[in-house]
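Written out below as structure tokens is the structure these notes cover.
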2 protein chains.
Amino acid sequence: MLTMIVIDYIEAKFPLRGEPSAPNAPWPQPQYLNVSSDYIYIDPEFFIVYSNLKNCDIIDKAIERYKPIFFPPKLSIQIPNIFHEDQIFLSVSILVKSKKCHTYPQLHDDQSYSITIENSYGIIFAENVWGALNGLETFSQLLFINENNYLVTNASIYIHDWPRFPYRGILLDTARHFLPVPIIKQHLDAMVYNKFNVFHWHITDDQSWPFVSQKFPQLTEKGAFSSDHVYTPDDVQDIIEHARLRGIRTIPEFDTPGHVAALGRAFPEFLTDCYNGSIAGQAIYGVHAEREILDPTKEEVYKFMNEFLKEVKNIFKYESYIHLGMDEVYPACWMSNPNIQNFLKENNMSNGTDLMTYYSKEILKLMKSIGGKSMVWQDIWDDGVKLPSDTVIEIWKDTSLLSNSPSWSYYLSKATSEGYDAVLAAPFYLNMISYGKYNTPESVMNLEFFKWYNIDLFENFTGDNIARQRLIGGEAALWAEFIDGTNSLSRLWPRVSAVAERLWSSIYVNNPEDAQFRLDVHRCRMLRRGIPAAPILNGYCGSYEVGMKHSMVNEPIFNYIN
Amino acid sequence: MLTMIVIDYIEAKFPLRGEPSAPNAPWPQPQYLNVSSDYIYIDPEFFIVYSNLKNCDIIDKAIERYKPIFFPPKLSIQIPNIFHEDQIFLSVSILVKSKKCHTYPQLHDDQSYSITIENSYGIIFAENVWGALNGLETFSQLLFINENNYLVTNASIYIHDWPRFPYRGILLDTARHFLPVPIIKQHLDAMVYNKFNVFHWHITDDQSWPFVSQKFPQLTEKGAFSSDHVYTPDDVQDIIEHARLRGIRTIPEFDTPGHVAALGRAFPEFLTDCYNGSIAGQAIYGVHAEREILDPTKEEVYKFMNEFLKEVKNIFKYESYIHLGMDEVYPACWMSNPNIQNFLKENNMSNGTDLMTYYSKEILKLMKSIGGKSMVWQDIWDDGVKLPSDTVIEIWKDTSLLSNSPSWSYYLSKATSEGYDAVLAAPFYLNMISYGKYNTPESVMNLEFFKWYNIDLFENFTGDNIARQRLIGGEAALWAEFIDGTNSLSRLWPRVSAVAERLWSSIYVNNPEDAQFRLDVHRCRMLRRGIPAAPILNGYCGSYEVGMKHSMVNEPIFNYIN
């Protein structure tokens with residue numbers, strides 16, 4: 001942490017209310033936390049991390065990974081040889097009760113852990129490896145460098161912790177702009193530092209198709225921005241593995257039947273010709289483009305989807321779910337097309353919703369046949385399509401994003417009451433940004449932080465207790481219209497950390513005025529780990545800030561570009 | 001430039017209106033530009049830059065500096081040995097009419113230049129070295145790498161160009177957060193790429209005092225965030241020199257009598273004790289802090305200011321102006337203090353405005369005595385203080401920043417009509433940010449770009465022709481409440497490029513729908529030069545994007561951290 005003048009205002013005449021944070025306060029706040037006020041010293045040369053699980057890659061690689069986090073490169077740590085033996089912290093043991101080296105995290109895995117530090121020894125206890133990873137992360141946050149450059153933690157600590165919601169996701173959009181693999185890996189690392197556990201990879205969209213398919217290479221040949229702007233099979237495995245080792249699920253989204261202009265560059269025959277009057281392939285801007293949306297009347301479309309989804313299922317082999325998108329299908333183009341009009345008549349359908357129902361039923365059937373479970377944006381459920389009961393519905397609509405929409409609470413209550421698992425994304429569109437400083441007559445606050453932090457998922461929830469269990473979590477989205485490698489990390493972090501605490505911590509941890517101080521500490525922690533997390537208050541972190549000599553952002557151990 | 005699929009929409013069903021840009025369209029748009037449609041090839045090994053000015057550091061170093069810009073490292077350029085001799089561009093000559101190697105740019109220096117390319121030879125012609133630098137920058141923008149990886153430009157080009165306004169500034173705030181020297185240098189480089197020519201260095205404020213004074217070392221010892229968060233005398237000279245060589249003036253701001261909490265950590269006796277009733281040093285939050293604002297009744301304050309400003313004048317020895325701040329002095333603290341109340345009575349003054357007048361007159365007198373000219377925020381002029389006629393007034397107030405304020409047009413018209421030079425900052429607070437995507441029924445546009453681009457400085461201007469001459473330019477400010485090394489470059493660039501074109505180009509260059517395409521090209525150009533400029537449209541640049549193998553952001557030649 002290094003010595004710190006706390007700047008406790010954004011403007012001098014307004015104080016920041018709330019409790020200043022301990023330099024090693026964890027984020028998100030654990031469910032139960034008790035620390036002593038005296039400290040214990042750590043000698044990097046004589047500190048050992050044990051585990052009762054041997055030859056488990058999840059644990060072994062985590063221990064390796066945390067070394068430079070415990071002992072940050074470039075920051076000088078004094079060796080505390082002047083201290084009495086019982087003031088030296090000797091080792092931490094990771095005890096995994098199940099003794100199983102799990103391969104891949106599942107939604108309802110136990111994610112809890114406890115940490116005990118007492119008499120120079122520490123224990124991280126967990127039911128399984130995923131809980132152990134959570135414990136190791138919290139443990140790493142408990143260490144800090146004090147004003148004498150000693151690495152210390154509290155002499156006695158007891159933590160018992162578990163997440164409020166099992167699903168804590170981040171959506172990255174790699175289609176509007178390409179996000180290079182090294183940047184995605186840094187996001188995954190930052191997710192670990194904030195206990196997010198699902199990477200929702202919105203991998204393709206209208207703008208580009210960067211996902212290399214071995215069955216259909218023309219998808220990237222025609223649909224990627226360039227041959228450099230692609231994810232090769234090796235890249236995809238690299239990302240899945242990077243995430244898996246950190247306890248993060250990777251759920252890929254292949255959005256159809258809308259958002260497919262890039263797919264349409266490889267397979268123009270799959271798209272619907274939109275009509276302006278009797279002229280095919282002519283846009284009516286604001287209503288429809290020249291060509292838009294897959295044509296659900298064509299056999300080849302389902303053949304392609306079948307082959308393609310099989311390939312995807314095989315690549316993301318650990319993960320049960322594929323996100324099918326199915327959002328924002330505006331029927332104007334379909335309805336303008338005479339072939340589709342005929343198809344509707346012949347099949348006793350009357351409108352776009354009927355056609356969408358037809359398409360989605362086919363695809364969901366197909367998913368079942370290949371052994372996959374489906375996640376979808378709420379739109380087809382809005383349309384009244386009967387979904388398999390294990391479908392996860394992602395709620396993104398709200399009055400703040402769409403006029404005439406009910407609130408997200410309404411949708412959440414309804415979907416979970418109907419028996420679906422639901423994930424809330426609507427209020428967490430982190431690509432949206434406002435200026436941080438907000439003056440009221442009494443204070444100046446960071447508007448952005450307060451806004452995200454004050455959202456509670458159960459606000460106005462009307463479902464019963466069973467429905468409550470089905471609200472499995474939330475997901476923050478970073479849509480990439482104006483985001484790429486230049487700004488994605490500093491735009492998302494630490495703003496999205498507010499969401500992290502909402503999804504992990506107790507409902508009673510809800511004081512933003514205290515939390516802003518803890519988050520300020522946590523953003524410095526992220527900086528020390530090479531994540532260029534932006535400031536949320538005035539002030540500074542230390543000599544490792546971006547642009548300074550000891551900056552960690554380009555440190556090879558934290559930067560995968562090198 | 002490399003091959004490019006133009007993504008000409010933000011959403012598929014809305015086109016971007018406007019003319020797509022040539023891959024080598026310059027930014028800001030020159031006053032007069034005529035290019036042929038055929039191209040000429042450049043062989044990096046046989047391309048020569050001459051100058052008629054020998055042994056002039058400004059020119060010699062610029063030629064050196066532009067080499068990696070002409071021939072970007074890491075990007076493969078094919079040698080065009082297959083072409084006919086008269087298709088090869090052989091050399092460009094820089095001809096400086098004045099034959100003087102100027103040391104430092106002045107406000108009313110001729111900044112014009114012309115470029116002629118004809119028959120395999122190019123000429124950059126300018127009155128003086130500053131115009132030559134502008135010409136060299138535009139020339140560098142005319143080169144591009146085509147789809148065959150040949151470096152090319154138009155075979156015949158004629159440009160004649162000059163700025164609409166002589167003062168085109170960027171304010172960086174290094175007090176709310178520290179900006180390391182390497183980051184400031186990258187901003188200066190980006191300023192050159194956008195023809196900004198004044199760096200307004202808001203170096204100190206309430207939050208910190210990073211400027212090392214040799215006369216008063218306690219200022220940083222007590223007022224800086226830490227001993228790593230300072231600008232040493234060498235750092236300051238390094239920045240001045242970096243700017244000077246690029247034709248950029250560095251105007252330092254030392255803001256008094258408000259915004260001085262950090263100064264007050266070194267000299268608590270200079271601050272006014274604010275009173276809550278009869279209790280000294282007690283805040284009434286929202287009204288005043290515990291201590292605030294210099295105490296203008298104290299002799300020592302003027303003694304300090306005299307010594308300190310002399311030191312500053314000596315350090316910024318080329319620059320005539322020092323910015324004195326003098327903004328946002330809210331008299332509540334002064335008026336609460338019994339000593340000040342007595343002083344007012346004794347000197348026949350009745351309120352804070354009188355006291356501010358007293359203080360500012362003393363400081364302005366002092367500035368004159370040390371041979372400096374003053375630049376101030378508009379506040380003391382608002383108060384009716386009679387300023388020396390060579391004072392530059394910076395207009396920052398507007399209804400959008402302060403309720404009950406007239407518009408910036410009103411202030412500009414008034415100040416210039418009273419005979420002062422004025423600079424407009426009010427609508428250019430680039431720290432303010434909104435989400436870029438804005439839907440209307442007919443289109444989706446980049447709101448941010450349209451907003452900044454559509455501001456014209458003479459909007460509603462009521463002054464006469466002489467007054468018009470005194471509106472010397474504009475200044476974009478990046479206040480740093482939530483800005484540091486993590487995000488300052490990607491936050492400012494290329495959003496502020498919109499302001500650059502407003503300040504340089506003709507009033508008739510005002511079509512944002514065309515300009516957005518040119519700016520998209522220009523942001524890729526900045527990326528190729530190591531500036532992490534953020535995207536403004538969907539799409540991509542090339543294999544040199546941030547996070548990719550050929551990224552220029554960490555290329556030593558463009559990154560001063562290394």
Side-chain angles (χ1 to χ4, degrees), chain A residues 2-3 5 7 10-15 176-180 182-183 206-208 225-226 228-229 261 283 285-289 292 330 431-437 441-443 446 481-487 490 527 532-536 538-540 542-543 545-548 551 554 561, chain B residues 2-3 5 7 10-15 176-180 182-183 206-208 225-226 228-229 261 283 285-289 292 330 431-437 441-443 446 481-487 490 527 532-536 538-540 542-543 545-548 551 554 561:
Chain A
L2 304 178
T3 322
I5 304 172
I7 305 297
I10 295 175
E11 286 184 6
K13 65 180 171 178
F14 297 111
R176 272 131 183 141
H177 287 92
F178 182 73
L179 271 191
I183 306 272
D206 285 328
Q207 289 78 2
S208 78
F225 289 137
S226 86
D228 291 319
H229 294 79
Y285 286 119
V287 180
H288 60 61
E292 236 188 41
Y330 304 114
N431 49 302
M432 307 287 190
I433 185 168
S434 334
Y435 182 59
K437 193 167 122 181
E442 303 88 37
S443 68
N446 183 321
E481 281 89 355
F482 309 110
I483 295 289
D484 70 0
T486 61
N487 59 354
S490 64
L527 266 191
I536 66 149
N538 285 197
Y540 74 107
S543 60
E545 287 169 28
V546 176
M548 295 175 83
S551 166
N554 289 319
I561 299 167
Chain B
L2 304 179
T3 322
I5 304 170
I7 305 295
I10 296 174
E11 287 184 6
K13 66 180 171 177
F14 298 111
R176 273 137 184 135
H177 287 92
F178 182 73
L179 271 191
I183 306 271
D206 285 328
Q207 288 79 2
S208 78
F225 288 136
S226 87
D228 290 319
H229 294 79
Y285 286 119
V287 179
H288 60 61
E292 236 188 43
Y330 304 115
N431 47 302
M432 307 287 192
I433 185 168
S434 334
Y435 182 59
K437 194 168 121 181
E442 302 89 36
S443 69
N446 183 322
E481 280 90 355
F482 308 110
I483 295 289
D484 70 0
T486 60
N487 60 355
S490 63
L527 266 192
I536 66 150
N538 286 196
Y540 73 109
S543 60
E545 287 169 27
V546 175
M548 295 175 81
S551 165
N554 289 319
I561 300 166

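Basis for what follows: all heavy atoms, side chains included, without hydrogens, waters or symmetry-related copies.
Annotation: salt bridge (Lys or Arg N to Asp or Glu O under 4.0 Å) contacts of B/Asp206 (sequence neighbours excluded): none. A search for side chain to side chain contact (heavy atoms under 4.5 Å, CB included) contacts involving A/Pro15 returns B/Tyr285, not counting sequence neighbours.
Taking every heavy atom of both residues into account, B/Lys13 and A/Val287 meet most closely at CD-O, 3.7 Å. Scanning both residues, B/Phe14 and A/Gly286, for their nearest heavy atoms gives CE2-CA, 3.2 Å. Taking all atoms of both residues into account, the shortest heavy-atom contact from B/Gly539 to A/His177 is O-CD2, 2.8 Å. In plain terms, the two heavy atoms of B/Ser543 and A/Asp228 that are nearest each other are CB-OD2, 3.2 Å.
In this structure, chain A has a heavy atom under 4.5 Å from the side chain of B/Glu545, while its backbone stays farther away. Both the backbone and the side chain of B/Glu481 have a heavy atom closer than 4.5 Å to some heavy atom of chain A. Only the backbone of B/His288 has a heavy atom closer than 4.5 Å to any heavy atom of chain A. For B/Leu527, the part lying under 4.5 angstrom from a heavy atom of chain A is the side chain only. For B/Ala12, the parts lying near chain A are the backbone and the side chain together; criterion is any non-hydrogen pair under 4.5 Å. B/Ile536 touches chain A through its backbone: at least one of N, CA, C or O sits under 4.5 Å from a heavy atom, while the side chain does not.
With chain A as partner, the option from B/Ala261, B/Ser434, B/Ala283 having the largest number of non-hydrogen pairs under 4.5 angstrom is B/Ser434. Per-residue heavy-atom pair counts under 4.5 Å with chain B were compared for A/Glu11, A/His229, A/Arg176, and the maximum is reached by A/His229. Counting heavy-atom pairs under 4.5 Å between each of A/Ala289, A/Ala533, A/Gly547 and chain B puts A/Gly547 at the top.
Under the 4.5 Å side-chain criterion, counting only non-hydrogen atoms from C-beta, A/Asn487 is in contact with B/Pro535.
Separation of atoms CG (A/Asn554) and CG (B/Asn554) is listed at 4.0 Å; rounding is to 0.5 Å.
By the 30° and 60° cut-offs, the orientation of the rings of A/Tyr435 relative to B/Phe482 is perpendicular.
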